[in-house]
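Worksheet: one structure, shown below.
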Amino acid sequence: MAETDAIAGDFDYIIVGAGSAGCLLANRLSADPDTRVLLLEAGGRDNWIWFHIPVGYLFAIGNPRSDWCFKTEPEPGLNGRSLNYPRGKVIGGSSAINAMIYMRGQAADYDHWRQLGLAGWGWDDVLPFFKRHENHFMGESAAHAVGGEWPIAAPRVRWDLLDAFRAAAVQAGIKSIADFNSGDNEGCCAFHVNQKRGRRVSTARAFLKPVLHRANLRLETGCLVEGVVFEGRRAAGVRWRQGGATRTAHCRGEVVLAAGSLGSTQILLLSGIGSAEHLREHGVGVVLDRPGVGANLQDHLQLRLIFKVDGITTLNERYHSPLGSARMLAEYVLMRRGPLTMAPSQLGLFTRSDRDQDRANLQFHVQPLSLDRFGEPLHKFPAFTASVCNLRPTSRGSVRLRSSDPTDAPVIKPSYLSTEDDRRIAASAIRLTRHIAAQPALAPFHPDEYLPGAAVRDDDEAALVKAAGDIGTTIFHPVGTAKMGLLSDPLTVVDDRLRVVGIDGLRVIDASVMPTITSGNTNAPTMMIAEKGAAMLREDAKGLAKGIAA
């Protein structure tokens, strides 16, 4: 390969990132045989067993084969701790290593986007795009669809301990419901998962692999994008490193960044789009002064309370027992059921931290297991984890360049617990978790708080906030770093059609465009954004063609 090697011909679309958004975009845009699509992925193929067995997240997260292994800067709100910040490094992106939980959020999340002035982004507007790719086990209804590429299944494992926790939640005044995804997710329910017959389904498996035979779709892996190529103020192509050489491709249509809230942000900055002052600090030529690039980072901070139990089975002891491990393997091989099909969390709970909340603002992920952090072994004592996160944090962080070298990981500063409101809700969340654990339904199993521990008293607000900083960790939902907004907003990066403001032929279509974080796991909303974004791209291309013909 030459030192600089251009791929022959022009592409109608160049998509950067074959993750949760990019795989779906590639599928939809290449459906037109007259449209030429190039999909660039920095990671590799998903040819590893742990990308497909659901419990493989335990081995994929923190593994450089499957995870970019980013880290945050030391966080003042976490008492100076730096967190591992996993992102998928493979086709399918983070959908290949995530929790497999299907969660849209709340209707009010999207109605809020519309109230911000973003036309076409209210709940009634986006619901059809959620449904467009669904194949839901509950069947067709006003809320759900069947026949799409994205399977949504019931869990294939149950735990007596989780049944007891659900009963305790009801005793604490939190109703039991059947579905989190009808627009109002307040209540307690088993999470629905993106699996098919006990196997993980990533966006690569659902959307990309079935269409790779298309002559007009080209996938290139191992591509570390250096930047967008411009002709004046128009995106005209992409430049990347691959196999020790620099490669380029020209685009006659639109370049689409779908590399996520970290990847798309870094590429925009490397391309000269961002805060002019920040770009100059790193010797990057300024194409467009857009200070919102990398600002507005939002994430869900989960507070992982752990309770030891006795008299009931958890995954901890089964995992460490040779006979237990053999039984789990046999159950999976023979029936595609059991603990190897487990998502990281099986039971969910949405509720309010206090009476002043107009809708659920806390989410629990309840697990019949415990560990110090993902990527490390389960504890040897029986225990469960009740992780709780503030769904709509007011803290705002940032993603910035570390240098102008694309191989350098970005500087990630989530700024967790940096507002008084977030600290107050964190303290309330710990109190509420303890209240549920103290209900009669769990009493037979003698829950004993391991973290943060009984020494942290409910009446000591400062101690509760410090404890939140000690046990808090990311739940892997970074969004908002290329926010969608009005032109009057100085932090706006893309408009309501996901076009980068001030640049022609460039869009961002992934979780980074969310103006505010959704109330739950963010993979399904990201796919909705991709579905809607693909429709916008097709609509605008047809409109342009009609204009030229006229």
Sequence-distant partners of Ser66, side chain to side chain donor-acceptor pair (under 3.5 Å), two or more places apart: none
Determine, for Arg132 against Glu134, whether the closest basic-nitrogen to carboxylate-oxygen distance falls under 4.0 angstrom. no
Set of residues satisfying side chain to side chain donor-acceptor pair (under 3.5 Å) with respect to Tyr85, sequence neighbours excluded: Asp299
What is the ring orientation for Trp123 with Phe130, classed by angle as parallel under 30°, tilted 30 to 60°, or perpendicular over 60°? tilted
Min side-chain heavy-atom separation Met484-Met514 under 4.5 Å: no
Asn27 side chain vs Phe207 backbone, donor-acceptor pair below 3.5 Å: yes
Got a donor-acceptor contact below 3.5 angstrom from the Arg239 side chain to the Val228 backbone? no
Is there a donor-acceptor pair under 3.5 Å between the side chain of Arg290 and the backbone N or O of Val501? yes
Restricting to side chain to side chain donor-acceptor pair (under 3.5 Å), what partner residues turn up for Ser519, sequence neighbours left out? Asp109, Arg392
For the backbone of Gln357 and the side chain of Arg352, can you confirm whether one donor and one acceptor N or O come within less than 3.5 Å of each other? yes
Under the rule for side chain to side chain donor-acceptor pair (under 3.5 Å), what residues qualify as partners of Tyr110, not counting sequence neighbours? none
Contacts satisfying salt bridge (Lys or Arg N to Asp or Glu O under 4.0 Å) that involve residues 505-519 (not counting sequence neighbours) are Glu254-Arg507, Arg507-Asp540
Heavy-atom donor-acceptor pair, Gln346 side chain to Leu162 backbone, under 3.5 Å: no
Applying salt bridge (Lys or Arg N to Asp or Glu O under 4.0 Å), which residue pairs with at least one partner in residues 23-40 are found, sequence neighbours left out? Arg28-Glu149, Arg28-Glu531
In terms of heavy-atom contacts, does NZ of Lys209 have more than 12 from other residues, nucleotides or ligands at under 6.0 Å? yes
Is it true that a side-chain atom of Arg499 and a backbone atom of Asp495 form a donor plus acceptor pair closer than 3.5 Å? no
